[in-house]
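Reviewing the structure listed below.
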Amino acid sequence: MIAIVSYNAGNITSVRNVLNRLGYQNVITDDPEILVSADKVIFPGVGEAGSAMNHLRQRNLDKVILSLKNPVLGICLGLQLMCRFSEESSTECLGIFDTSVRRFPESPGFKIPHMGWNSFSLAKGELFRGIKVNDDVYYVHSYYAGICNDTVAECEYIVPFSAALRKGNFYATQFHPEKSAGTGEKILKNFLEL
């Protein structure tokens, strides 16, 4: 069973739809017992860091996520909330990854948010089995996680940033694998087959 963390964020239905298409039984839940006992946990999200972290804390989901021993995949806002700090609403986050989340700087010729398809400058590790650096994935974000020791994939848009992070049983992607066609499905399958 794949548990999708239910919290005050969007895009959860898109993740569920791709899991259904791939044939994986799943549940959207904020029940700690289900999250702890699931084969895998997916922590997706589109939204604002401050209100999302407040929602997690009010329901003690912050402590539950930190305690998980099963493989966990954060997506987009999920990745950002797994970092130490976000400039968005000056938010103290979960601190799984030792990096901060910053807003993209204004730069002539670049629009914020970073929205659309982009490839990797680096992609390594289990999530990226069968993936090439020139394979495109889909992004929608105004904030990015800095490069750190946990970075397993890099992308560049205005500045280099962490496209994916990994520490122990925690994995995260800034891009949306559920919206990244065949490449994204392959990355999700790599996670689901860990």
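Since we're looking at a predicted model, the values are computed, not measured.
For the residue pair Thr91/Ser86, the side-chain donor-acceptor check at 3.5 Å is not satisfied. Checking Asp98 against Asn149 by side-chain atom types alone, no donor-acceptor pair falls below 3.5 Å. Checking Glu48 against Ser89 by side-chain atom types alone, a donor-acceptor pair falls below 3.5 Å.
Within the 4.5 Å cutoff, no side-chain heavy atoms of Lys111 are placed close to those of Met115. Looking at Leu165 and Cys148, their side chains come closer than 4.5 Å, going by heavy atoms from C-beta outward. The side-chain heavy atoms of His176 and Val137, taken from C-beta on, include no pair separated by under 4.5 Å. Contact annotation: the side chain of Lys179 approaches that of Asn11 to within less than 4.5 Å [non-hydrogen atoms, C-beta and beyond].
For the atom pair Ser90 OG and Glu88 CD, the distance stands at 10.0 Å (nearest 0.5 Å). Taken from CG in Leu22 to NZ in Lys186, the straight-line distance is 11.5 Å, to the nearest 0.5 Å. The CD atom of Gln25 lies 9.0 Å from the CG atom of Asp39; values are rounded to the nearest 0.5 Å. Distance check: Ile187 CD1 to Glu178 CD gives 11.0 Å after rounding to the nearest 0.5 Å. Here Ile28 contributes atom CD1 and Ile4 contributes atom CD1; the two are 5.0 Å apart, rounded to the nearest 0.5 Å. Between atom CG of residue Leu19 and atom NZ of residue Lys189 there is a gap of 11.5 Å, rounded to the nearest 0.5 Å.
Side chain of Asn190 to main chain of Arg129: a donor-acceptor pair is present (N/O by atom type, distance under 3.5 Å, no hydrogens or angles). Using modelled atom types, one side-chain atom of Asn169 and one backbone atom of Asn70 make a donor-acceptor pair closer than 3.5 Å. Between the side chain of Thr29 and the backbone N or O of Asp31 there is at least one donor-acceptor pair closer than 3.5 Å. The closest donor-acceptor contact from the side chain of Lys40 to the backbone of Leu194 lies under 3.5 Å. Checked by atom type and distance alone, the side chain of Thr183 never pairs as donor or acceptor with a backbone atom of Ser180 at under 3.5 Å. Checking side-chain atoms of Thr173 against main-chain N and O of Phe175 turns up a donor-acceptor pair under 3.5 Å. Looking only at distances, no side-chain donor or acceptor of Asn26 sits under 3.5 Å from a matching main-chain atom of Ile2.
Val64 and Met53 end up in the same hydrophobic cluster when Ile, Leu, Val, Met, Phe, Trp and Tyr side chains are linked at under 4.5 Å. In the hydrophobic clustering of ILVMFWY residues, with side-chain heavy atoms under 4.5 Å counting as a link, Leu77 and Ile65 come out together. Hydrophobic clustering of Ile, Leu, Val, Met, Phe, Trp and Tyr side chains at less than 4.5 Å, counting indirect connections, unites Ile131 with Val18. In the hydrophobic clustering of ILVMFWY residues, with side-chain heavy atoms under 4.5 Å counting as a link, Ile112 and Trp117 come out apart. Hydrophobic clustering (side-chain heavy atoms under 4.5 Å, transitive across Ile, Leu, Val, Met, Phe, Trp, Tyr) groups Ile96 together with Val5.
Looking at Glu87 and Arg103, no side-chain N of the basic residue comes within less than 4.0 Å of a carboxylate O on the acidic one, giving no salt bridge. The pair Arg21-Glu185 meets the salt-bridge criterion, since a charged nitrogen lies less than 4.0 angstrom from a carboxylate oxygen.
Taking all atoms of both residues into account, the shortest heavy-atom contact from Val41 to Phe191 is O-CZ, 3.7 Å. Shortest non-hydrogen contact noted between Gly130 and Asp135 is O-OD2, 4.4 Å. Summarising the geometry of Gln174 relative to Ser162, their closest heavy-atom pair is CB-O, 3.8 Å, with the distance given to 0.1 Å. The two atoms that bring Met82 and Phe170 nearest to each other are CE-CD2, 3.6 Å, heavy atoms only. The two residues Ala123 and Val133 make their nearest non-hydrogen contact at N-CG1, 4.0 Å. Contact between Ala38 and Ala3 at its shortest, heavy atoms only, is CB-CB, 3.6 Å.
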For this session: Before giving the answer on side chain to side chain contact (heavy atoms under 4.5 Å, CB included), spell out for Leu56 and Leu81 the whole-Å C-alpha distance, their side-chain angles and the decisive distance to 0.1 Å.
Result: CA-CA 10 Å; Leu56 291 173; Leu81 297 178; 4.1 Å; yes
For this session: May I have the step-by-step check of side chain to side chain contact (heavy atoms under 4.5 Å, CB included) for Val101 and Phe85, ending in yes or no?
Result: CA-CA 6 Å; Val101 174; Phe85 175 84; over 6 Å; no
For this session: For the pair Leu61 and Leu35, evaluate side chain to side chain contact (heavy atoms under 4.5 Å, CB included) and give the outcome as yes or no after the intermediate values.
Result: CA-CA 10 Å; Leu61 287 173; Leu35 293 171; 3.9 Å; yes
For this session: Determine, stepwise, if the pair Leu73 / Leu192 fulfils side chain to side chain contact (heavy atoms under 4.5 Å, CB included).
Result: CA-CA 9 Å; Leu73 176 65; Leu192 295 166; over 6 Å; no
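Aromatic ring centroids of Phe97 and Tyr171 lie 6.0 Å or more apart.
Between Phe43 and Tyr7, the ring-plane angle classifies as tilted under the 30° and 60° cut-offs.
The salt bridge (charged side-chain N to carboxylate O under 4.0 Å, His left out) contacts involving residues 150-168 comprise Glu126-Arg166, where partners must be two or more places apart or lie in separate chains.
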Residues 139-147 side chain polar contacts: donor-acceptor under 3.5 Å, at least two apart:
residue : atom : partner : partner atom : Å
His141  : ND1  : Tyr143  : O            : 2.7
His141  : NE2  : His114  : ND1          : 2.8

